[in-house]
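Taking it in order: structure first as structure tokens, then the write-up.
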Amino acid sequence: MVTQKDVCETLKSLGIKNGDILLFHSSLKSFGEIENGADTVIDGVLDAVGTNGTAVVPTLVQKDFSNAYKNWNKDTSPSDVGFITETFRKRKNAIRSDQATHSVSAIGKMAEFLTNSHSSFGPRFHAYGDYAFSHGSPWQKMYDNGAKVVFMGCGLEANTFHHFIEAIYTEEIFSTLPDNDKVKQMKKVIVDFSMRNEHQNQLIAENNGGPPHTLIRFSFGKRRTNNVVMDKELYKEGYCGPSKFLLFDVKEYVDTFLEHLRAHPEEYYSNDILNWIEKAKNTAKEN
């Protein structure tokens, strides 16, 4: 039977120490028989980061994106990404960030700092809204403050930081364009949930003069963001009972991937997207 101590010791064996900021993605069923269910996992993480550390979980709204903003309530909207995250969110000492689709909840020394300005400043437009991965978001603050992320039995498919990378790269592309009405409309279309295809959940921005929608959602190309973690061996792995843990440093992952993306965009984007980007850059130079 997996215990609280087992969770703590596995994380420590991977390098987690008192004072760390640790975002954890998790699957409760991956642990098999576990002493006190979700609370054992949460308490084990809190023990590992210690009194000076901070534990963070994603509390994302995933099931109904088209109505996410309309129905959002920071205090009552449930997390759609696992029972452990919902149990964590409901703890009295947990603080949740105020953003409809990609909030996090945190407990610990830096919980207030990480969560207090998610939708307050620094918009960075994205398919999930212009504040989901803003400069004031917990995702940016975790990147800036040396956070680590661990996947407990759920694999890298749950990696939300690849959306953070999308937002950074999209911002870089649009920074090359003139700040005129057409570009402003283009940005509006990107973050307008009413423009989503109800069945495929994809933007149709190109019909309104914008870029192909996959400019802001990585296409299923030759490589994916998660391959970088494995190919560059940026991760550490271990087991807690039957649950496989994968842990890596957030900044190292983001910086490594962005460096590769900037040098080899053809490995991630189709020719249509690459042509649009080149045309946009040339237009900016001409103006």
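Positions are given from 1, in the same order as the sequence printed here. Quantities reported herein were computed from a predicted structural model and do not represent experimental measurements.
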Do [X] and [Y] get their side chains close enough for a donor-acceptor pair, meaning under 3.5 Å?
X      : Y      : value
His25  : Glu157 : no
Ser79  : Thr85  : yes
Thr59  : Arg96  : yes
Lys141 : Ser117 : yes
Ser243 : Ser30  : yes
His102 : Gln99  : no

Does anything in residues 245-258 pair up under salt bridge (Lys or Arg N to Asp or Glu O under 4.0 Å), and if so which pairs, sequence neighbours excluded?
Lys251-Asp255

Audit row: Asn71, Ser77, side chain to side chain contact (heavy atoms under 4.5 Å, CB included) steps and yes/no:
CA-CA 8 Å; Asn71 297 328; Ser77 294; 5.9 Å; no

Check whether His118 reaches the backbone of Gly136 with its side chain - one donor and one acceptor, N or O, closer than 3.5 Å.
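Checked: no pair found.
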
Do Ser97 side-chain atoms and Val104 backbone N/O form a donor-acceptor pair below 3.5 Å?
yes

Determine whether Val56 and Ile42 fall in the same hydrophobic cluster, where Ile, Leu, Val, Met, Phe, Trp and Tyr are linked whenever their side-chain heavy atoms lie under 4.5 Å apart.
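The answer is no; the residues belong to distinct hydrophobic clusters.
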
Same cluster or not: are Tyr131 and Trp72 linked, directly or through other Ile, Leu, Val, Met, Phe, Trp or Tyr residues, by side-chain heavy atoms under 4.5 angstrom apart?
no

Is the number of heavy atoms from other residues, nucleotides or ligands within 6.0 Å of [atom1] ([X]) greater than 12?
X      : atom1 : value
Lys236 : NZ    : no
Phe83  : CZ    : no
Glu259 : CD    : no

Using salt bridge (Lys or Arg N to Asp or Glu O under 4.0 Å), reason through Asp130 and Arg124 one step at a time and then give a plain yes or no.
CA-CA 5 Å; Asp130 51 358; Arg124 182 186 270 138; over 6 Å; no

Can you run down the side chain to side chain donor-acceptor pair (under 3.5 Å) pairs that involve residues 32-49, sequence neighbours left out, and say none if there aren't any?
Gln4-Asp47, Asp39-Arg91, Asp43-Arg91

Fit a plane to each ring of [X] and [Y], take the angle between them on a 0 to 90° scale, and name the class: parallel (under 30°), tilted (30 to 60°) or perpendicular (over 60°).
X      : Y      : value
His163 : Phe133 : tilted
His260 : His264 : tilted
Phe248 : Tyr253 : tilted

Does the gap between the ring centers of Tyr239 and Phe245 come in under 6.0 Å?
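Ring centroids of Tyr239 and Phe245 are no less than 6.0 Å from each other.
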
Apply side chain to side chain contact (heavy atoms under 4.5 Å, CB included) to the pair Phe24 and Phe88, showing each step before the final yes or no.
CA-CA 11 Å; Phe24 68 99; Phe88 186 106; 4.1 Å; yes

List the steps, then state whether side chain to side chain contact (heavy atoms under 4.5 Å, CB included) holds for Val49 with Ile16.
CA-CA 7 Å; Val49 300; Ile16 296 301; 4.1 Å; yes

Begin from the C-alpha positions of Tyr69 and Val61 and carry the test side chain to side chain contact (heavy atoms under 4.5 Å, CB included) through to its verdict.
CA-CA 10 Å; Tyr69 283 90; Val61 173; over 6 Å; no

Roughly how far, to the nearest 0.5 Å, is CD of Glu172 from CG of Leu261?
8.0 Å

